[in-house]
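Encoded as structure tokens, the structure appears first; notes follow it.
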Amino acid sequence: MNNTVLELKNISYKYKNDLILNKINLKINSGEKIALLGKSGSGKTTLISVLNGTIKPTQGEVKLFNKNFEELDRKQKSKITTIWQDLRLIEDLSAEQNVNCGLLAKNNFYFAFKNLLNISSFKKAHKYMQLCRLHNSIYDKKIRQLSGGQKQRVAIARSLIQGSNILLADEPFNNLDPKLITTIKNLMLESIDKNNTKKSPKTALVSLHRLDLLNDFDKVIGIRDGKIFFNIKRNNLKKIHLDKIY
Amino acid sequence: MNKLKLNYTSLSFLPILVCIPLGYQLINNIHFGGLKLFQEFLISAFNPKIDNEIIITIIKRLNETILIGLFSWLVSIIFGAIFGIISSNIFYKIFNIPNFLYRIIRFFLTIIRSIHEVVWGILLIQIYGINFSIGILAISIPYIAINSKVFAEQLETIDYKSFESINQINAPKFSSLLTLIWNPIINTFKNFGLYRLECSIRSTVILGFFGVGGIGTSIFLSFQTLNFRELWTYLWSLAILIILSGLIFKKIKFNTANKILSIFFIAVFFITILFSFSYFIYFIFNNNFENFNSFSFLFKSSSDLGLFDFLKLILETIILSLLSTGIAISFPPLVIGIFNNNTSKIFIKIFAFLLRLIPTPVILLTLLTFNNPSISLAALTLGLHNAGITSKLLFTNLDSQDKRNYIAMKSLGISKKTSWLLGLFSQQAKSYLAYCAYRSDIIIRETAIVGVIGSVGLGWQLQESLSSFAWQEVAIVMIAYSSIAIVGELINGKIKNSLT
Ligand SMILES: Nc1ncnc2c1ncn2[C@@H]1O[C@H](COP(=O)(O)OP(=O)(O)OP(=O)(O)O)[C@@H](O)[C@H]1O
Ligand SMILES: [Mg+2]
């Protein structure tokens with residue numbers, strides 16, 4: 001069953017005089033695992049920002065569950081989660097507080113307040129941090145005190161704890177060693193919550209530079225100068241494809 | 001060869017030129033009738049009156065001062081934070097509110113801020129009569145607006161990207177807002193909030209001169225009766241209060257990880273808000289507005305103020321601000337530079353402390369003992385008081401500065417003064433000037449205090465108009481005042497931007 005969850009129709013994005021995204025059409029179906037390839041500056045981050053609604057395109061439509069972004073309520077929008085290339089954590093809060101921020105959508109104001117006062121429960125946050133192999137000595141450290149790879153995993157934990165079915169990840173494997181990459185990749189692509197898997201499988205779009213990691217993806221999208229050059233099944237990926245975009 | 005170059009260092013000294021017109025007017029106005037009084041005033045500093053009676057008065061009066069200062073501080077810091085939040089960009093972004101509303105609130109706060117608490121004080125006293133809460137109100141109103149600016153500025157430092165990421169989580173809007181503003185707000189409380197308590201206490205003292213109560217009233221009364229020994233007892237006890245409160249607050253560490261402390265602060269926060277609101281409602285319904293029956297008064301009353309007189313008052317106020325700013329900028333580096341040795345340094349520090357401690361009305365009244373009232377005298381007062389403040393900053397920065405350049409230059413045989421100027425001060429000049437630009441915003445507002453007492457400028461006119469219930473004049477003067485302050489703030493903002 002091809003159930004489209006996210007759709008871009010003729011999207012262009014202009015910044016000043018630069019055309020950063022150029023007439024992009026893209027359908028993402030439920031359960032698909034898509035790898036996004038493209039060299040530095042090709043528009044991957046911009047594309048992801050359009051997909052999660054952070055950037056409004058200059059032209060075209062973004063549809064989530066067949067509805068325009070503006071028509072969606074908060075609950076529906078929170079079905080998407082993003083791991084940002086630049087992480088975008090809150091530097092002055094501790095690692096566990098940052099991970100708890102991922103739970104804000106499902107909780108009320110009182111939870112946010114308790115989180116900032118450090119009196120909320122961190123049980124769930126710790127569980128996800130453990131899954132990301134974060135040692136418990138860093139739980140209450142401020143983000144600015146962490147190493148690059150630790151920050152990376154805090155951002156990943158914050159995203160995974162949201163329990164969203166659509167994951168957008170922008171170069172999530174930065175700063176991670178090979179063993180961690182495997183762990184994190186499995187975490188991101190498989191639903192952790194086993195009961196949930198059947199109802200709505202996890203959809204993921206991950207931008208990356210490492211071609212050796214492509215095996216776990218169904219589809220590969222190649223982007224160059226803000227244009228999609230190919231959008232194919234992984235099995236069909238050939239060297240000529242890569243030559244086009246790199 | 002050695003041309004005078006306009007750099008930050010020379011710009012710090014150039015304003016000393018204001019001394020030429022200033023000195024000219026002061027010398028012309030000198031009279032020796034009060035010289036004895038002045039002598040007595042100085043000698044009394046070392047011989048304050050101490051007996052049981054005065055100690056009881058001091059305790060009572062200081063209690064009032066502390067109470068008014070503390071309350072107005074609490075109210076103004078808490079509501080300052082709230083207004084700071086609703087006048088910050090982030091609030092409008094999160095709630096998707098059109099931006100013009102934010103401009104309106106900011107403009108409104110700018111106007112309120114432009115009017116000094118003394119002006120608010122005499123205005124409120126005229127409307128409501130003297131009453132304990134007038135002091136709290138008069139300080140809180142402009143302070144809320146001042147604090148809100150600082151909070152809003154801190155909130156502008158929130159990284160736009162962390163806003164986007166929290167926004168993308170799609171949390172309830174208030175949760176997102178709180179999470180983003182939490183640290184900037186807490187840090188502003190820590191770094192700026194305590195300093196404001198000292199300001200509140202100083203303002204309370206000055207308002208005391210206008211009858212609000214507390215130690216300021218005692219200081220004023222003892223000056224009026226020329227009881228200098230008593231006056232100094234009050235001044236020294238005020239000094240002790242200010243030093244002690246500084247020390248106590250330096251010791252307190254605000255630790256947000258401490259749960260009991262957090263809960264205590266939250267309780268204080270909500271109680272203050274609740275208390276303020278109930279007081280506000282009480283105030284509205286329980287006032288007979290003695291002298292201010294309705295706003296229609298504003299239009300009925302006529303104004304005797306001719307256009308020419310009015311323009312003259314505005315000009316006076318502007319000149320007063322410029323002269324005072326000139327003194328506040330140039331005096332500290334000049335004095336510190338010339339008397340550049342360890343003993344002099346201690347004396348300068350003590351002198352600067354006294355200038356900060358002694359409320360401007362007292363400085364002015366003292367100077368009036370041997371000089372007729374004039375713009376220059378008012379400017380000297382205001383300039384000296386503020387030089388006390390700018391020199392504190394300069395000392396702090398110079399002391400913490402890397403001294404290697406200075407030592408190296410001295411060892412090369414360059415004179416001590418030149419080494420100080422080129423090796424030490426020149427590195428501070430830029431940030432010092434930036435601070436002075438900020439200080440001159442305050443000086444413009446403070447012209448009201450010396451204006452009322454030294455009978456110059458708009459401050460004096462305001463007092464006159466108020467006491468004859470010429471509300472239209474009052475309104476005109478207030479508008480003129482805030483226009484000058486706002487224009488000044490805009491110019492200083494530009495200067496500050498070019499300096500940072
Ligand atoms: N905020 C911005 N302002 C102006 N130009 C921008 C901005 N963000 C991105 N760009 C431009 O848009 C283009 C695409 O940038 P984008 O960040 O999407 O690339 P990317 O594929 O993610 O690159 P990388 O692999 O290095 O992360 C680049 O040419 C970049 O210079
Ligand atoms: Mg990128």
Side-chain angles (χ1 to χ4, degrees), chain A residues 45 48-49 51-55 64 69-70 72-94 97-119 140 142-144 155 158-159 161-164 168 170, chain B residues 78 81-82 85 90-91 93-96 98-99 151 154-191 253-270 273:
Chain A
T45 301
I48 285 172
S49 304
L51 281 167
N52 68 22
T54 299
I55 287 183
L64 177 64
F69 238 92
E70 291 77 32
L72 296 167
D73 63 20
R74 192 169 62 74
K75 275 268 147 60
Q76 285 171 308
K77 281 191 207 162
S78 72
K79 292 263 158 56
I80 301 184
T81 180
T82 310
I83 299 166
W84 301 88
Q85 183 178 11
D86 51 5
L87 311 182
R88 308 195 179 183
L89 298 164
I90 299 180
E91 295 274 317
D92 286 318
L93 295 180
S94 68
Q97 282 175 314
N98 264 287
V99 175
N100 254 356
C101 283
L103 293 172
L104 289 178
K106 293 208 170 117
N107 289 282
N108 56 14
F109 179 72
Y110 185 53
F111 175 84
F113 195 41
K114 283 200 302 187
N115 183 37
L116 294 165
L117 283 175
N118 250 325
I119 51 175
D140 59 354
K142 295 259 155 73
I143 295 300
R144 50 176 96 259
R158 178 179 75 172
S159 165
I161 204 173
Q162 290 173 46
S164 311
L168 306 175
D170 199 355
Chain B
I78 288 175
I82 292 173
I85 293 167
I90 199 92
F91 182 78
K93 274 189 218 140
I94 288 182
F95 288 95
N96 252 326
N99 251 358
F151 277 106
Q154 284 309 304
L155 291 177
E156 300 304 307
T157 63
I158 295 173
D159 184 9
Y160 189 69
K161 291 193 165 161
S162 45
F163 158 72
E164 284 182 341
S165 78
I166 290 291
N167 204 31
Q168 215 283 308
I169 290 171
N170 286 298
K173 304 209 160 188
F174 276 108
S175 305
S176 309
L177 180 72
L178 189 73
T179 304
L180 283 168
I181 66 173
W182 184 261
N183 283 305
I185 292 279
I186 298 276
N187 289 338
T188 318
F189 267 118
K190 279 187 199 165
N191 301 334
K253 289 267 181 301
F254 285 94
N255 191 355
T256 34
N258 185 334
K259 280 165 203 170
I260 295 171
L261 211 63
S262 306
I263 290 167
F264 172 74
F265 284 124
I266 293 162
V268 170
F269 180 85
F270 284 111
I273 291 183

For this session: Select one option (side chain, backbone, both, neither) describing which atoms of Leu103(A) are under 4.5 Å from chain B's heavy atoms.
Result: neither
For this session: Decide side-chain contact (heavy atoms from CB on, under 4.5 Å) for Phe109(A) and Leu177(B); before the verdict, give the C-alpha distance in whole Å, the side-chain angles of both, and the deciding distance to 0.1 Å.
Result: CA-CA 10 Å; Phe109(A) 179 72; Leu177(B) 180 72; over 6 Å; no
Exercise. Going from CG on Asp159(B) to CG on Asp92(A), what distance comes out if it is rounded to the nearest 0.5 angstrom?
Worked result: 11.0 Å
Exercise. Which residues in residues 161-170 of chain B have any heavy atom lying under 4.5 Å from a heavy atom of chain A?
Worked result: Lys161(B), Ser162(B), Glu164(B), Ser165(B), Ile166(B), Gln168(B), Ile169(B), Asn170(B)
Exercise. Should we count CZ of Phe264(B) as having more than 12 external heavy atoms under 6.0 Å?
Worked result: no
Exercise. Nearest heavy-atom pair of Pro172(B) and Asn107(A): which atoms, and what distance?
Worked result: CG-O, 3.5 Å
Exercise. Which bit of Asp140(A) comes within less than 4.5 Å of chain B, counting heavy atoms only: side chain, backbone, both or neither?
Worked result: neither
Exercise. Which answer fits Ile266(B), side chain, backbone, both or neither, if we ask what part of it has an atom under 4.5 Å from a heavy atom of chain A?
Worked result: side chain
Exercise. From Leu178(B) CG over to Phe113(A) CZ, what is the distance, rounded to the nearest 0.5 angstrom?
Worked result: 6.5 Å
Exercise. For chain B, which of Leu87(A), Leu89(A), Thr82(A) has the most heavy-atom pairs under 4.5 Å?
Worked result: Thr82(A)
Seminar exercise, completed: Whatever's closer than 4.5 Å to a heavy atom in chain B on Asn108(A) counts as backbone
Problem set entry | Options Asn115(A), Asp86(A), Leu104(A), ranked by heavy-atom pairs under 4.5 Å with chain B, top entry | Leu104(A)
Exercise. Rounded to the nearest 0.5 Å, what separation is found between the CD1 atom of Ile90(A) and the CG atom of Asn183(B)?
Worked result: 8.0 Å
Exercise. Can you tell me how far OH of Tyr110(A) sits from OG of Ser175(B), rounded to the nearest 0.5 angstrom?
Worked result: 13.0 Å
Exercise. Counting heavy-atom pairs under 4.5 Å to chain B, which of Arg88(A), Lys77(A), Lys75(A) comes out on top?
Worked result: Arg88(A)
